[in-house]
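To start, the structure under review is shown below, and the notes come after it.
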Amino acid sequence: MKHDTPFPSGENRITRLFGCPYPLVQGGMAWVADAELAAAVSNGGGLGVIAASNMPPELLEEQLVKVRKLTDKPFGLNIMLLSPTVDDVIALAAKHRVPIVTTGAGSPGKVIDQLKSLGTVIVPVIASVAQARRVEKQGADAVVAEGMEAGGHIGELTTMVMIPQVADSVKIPVIAAGGIADGRGVAAAFALGAEGVQVGTRFICCEESTVHPAYKQAVLEARDRSNAVTGRSTGHPVRCLKNKLTGKFEELEKQNATVEEIERLGAGRLRAAVVNGDVEWGSLMAGQSAALVKEILPAAVIISEMFASACRISRELAEMPFSYCPAEEIGSE
Ligand code: TUI
């Protein structure tokens with residue numbers, strides 16, 4: 001496996017595609033990923049992303065105007081394909097000449113058909129090899145392969161096993177997501193064949209994040225088994241931090257409640273957590289990497305420290321005396 005220059009200050013296919021110094025994209029977290037977070041990440045050298053989620057189009061347009069006031073760097077827009085407002089979101093992406101679009105929770109054919117001709121870079125988030133192959137054929141420029149360690153709506157595969165398989169299956173560059181919150185995760189992602197990383201949960205706890213302080217505190221307090229996945233019975237599994245809401249979901253699912261009943265319980269809960277800080281009955285979407293998040297730092301510091309640490313790790317690995325290396329390979333590079 002050979003990459004063209006894996007770490008900054010070198011370029012690779014992802015930094016060239018995004019036009020930013022670090023091969024890092026921020027996760028398109030609904031309600032969390034606003035213009036302020038996106039600008040902070042873009043100004044810190046990664047690719048900041050605004051999440052369109054189910055936002056009313058007028059509000060999204062305000063965010064698209066605001067981000068350009070806060071940064072002159074490239075930024076992205078995440079389109080959640082289950083949203084009833086997808087068509088409006090695509091029209092706004094075109095109107096505001098959004099340079100990069102990531103998509104999630106569905107097949108991005110329509111987005112590619114409508115935005116590709118405008119020169120928009122399209123990077124679908126996928127959760128399996130078959131989906132990666134399909135979006136490559138449809139014309140995607142890169143893929144984010146998101147393991148089930150991630151927060152929010154997830155697939156079934158782990159990052160560790162999916163990244164090498166996706167990297168072997170497509171020619172477009174692969175960005176790893178799910179479980180990456182520090183330099184060790186970045187180094188591991190590159191070792192698995194990724195050329196970039198997507199980071200979500202870590203940025204919930206950055207200084208510029210407008211998430212309610214109680215939600216940030218819940219992420220900081222999370223430990224290894226603080227997550228729950230609810231909604232498996234509805235076909236929309238969602239990973240959150242455990243609280244009264246996830247307990248109630250589990251109870252309903254055990255009682256074989258209807259999909260409507262379960263979905264009704266979830267309505268408005270993410271907003272309650274992010275905006276009102278309802279940590280008991282709100283939906284605290286966060287990945288397993290919440291347990292790795294220990295402090296609130298500026299986005300730019302998070303990014304530079306992650307890559308500095310990844311560089312140190314890659315150097316240490318290169319110098320490691322692998323006694324089981326074939327003799328002719330030791331010291332040959
Ligand atoms: O989309 C996400 N994460 C999300 S979306 C979201 S909002 C939501 N809330 C409740 C229920 C459902 C959604 C919260 N978090 N991550 C990217 C992702 N995409 N993970 C998995 C997928 C995915 C799933 C199916 C991508 C493609 C896909 O394709 C289906 C097909 O037809 O090929």
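Heavy-atom basis, side chains included; hydrogens, waters and symmetry copies ignored. Each ligand, and each atom within it, is numbered from 1 in the order the structure gives.
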- Query: Can you name the residues that form a salt bridge (charged side-chain N to carboxylate O under 4.0 Å, His left out) with Asp278, not counting sequence neighbours?
  - Reply: none
- Message: Check this for me, if you would: do Asp87 and Lys110 make a salt bridge, where the nitrogen-to-carboxylate-oxygen distance has to be below 4.0 angstrom?
- Response: yes
- Query: What protein heavy atom sits nearest atom 21 (C) of ligand 1, and how far off is it?
  - Reply: Ala127 CB, 3.9 Å
- Task: Mind telling me whether Tyr22 and Phe307 have parallel, tilted or perpendicular rings, with 30° and 60° as the class edges?
- Result: tilted
- Message: Which residues pass the salt bridge (charged side-chain N to carboxylate O under 4.0 Å, His left out) test with Glu62, not counting sequence neighbours?
- Response: none
- Item | Neighbour count >12 (heavy atoms, 6.0 Å) for atom CD, Glu263 | yes
- shortest atom 10 (C) of ligand 1-to-protein heavy-atom contact is with Val238 CG2, 3.9 Å
- Item | Glu36 and Thr210 side chains, donor-acceptor separation under 3.5 Å | no
- Item | Non-hydrogen atom of Gly106 closer than 4.0 Å to ligand 1 | yes
- Any idea which part of Leu81 is under 4.0 Å from ligand 1, heavy-atom wise: side chain, backbone, both or neither? neither
- Message: Which of the numbered atoms in ligand 1 are under 4.0 angstrom from any heavy atom belonging to Arg134?
- Response: 31 (C), 32 (O), 33 (O)
- Query: Under 3.5 Å, N or O to N or O, is Ile154 touching ligand 1 that way?
  - Reply: no
- So the atoms of ligand 1 within less than 4.0 Å of a heavy atom of Val125 turn out to be 17 (C), 18 (C), 19 (N), 26 (C)
- Query: For ligand 1, which part of Gln131 has a heavy atom less than 4.0 Å away: the side chain, the backbone, both, or neither?
  - Reply: side chain
- Message: What I want to find out is whether Arg202 reaches Asp182 closely enough, with some N-O distance under 4.0 Å, to be called a salt bridge.
- Response: no
- Query: If you group Ile, Leu, Val, Met, Phe, Trp and Tyr by side-chain heavy-atom gaps below 4.5 Å, do Met162 and Val125 land in one group?
  - Reply: no
- Message: Between Lys248 and Glu251, does any side-chain N to carboxylate O distance fall below 4.0 Å?
- Response: yes
- Check each of His236, His153, Met148 against atom 20 (N) of ligand 1 and report the one with the nearest heavy atom. His153
- Message: Show me which atoms of ligand 1 lie under 4.0 Å from any heavy atom of Leu82.
- Response: 12 (C), 13 (C)
- With Trp31 as reference, evaluate Asn54, Val211, Val274 under the side chain to side chain contact (heavy atoms under 4.5 Å, CB included) test and give the passing residue. Val274
- Note on the structure: One finds that the ligand 1 atoms under 4.0 Å from a non-hydrogen atom of Met80 are 5 (S), 7 (S)
- Which residue and non-hydrogen atom of the protein lie closest to atom 19 (N) of ligand 1, and at what distance in Å? Ala105 N, 3.0 Å
- Query: Which of the atoms in ligand 1, numbered in the order shown and given with their element, are less than 4.0 Å from a heavy-atom of Met285?
  - Reply: 14 (C)
- Message: Check contact between Met29 and ligand 1, using heavy atoms of the residue and a distance below 4.0 angstrom.
- Response: no
- Going by the order shown, which atoms of ligand 1 are within less than 4.0 Å of some heavy atom of Glu146? 16 (N), 17 (C), 18 (C), 20 (N)
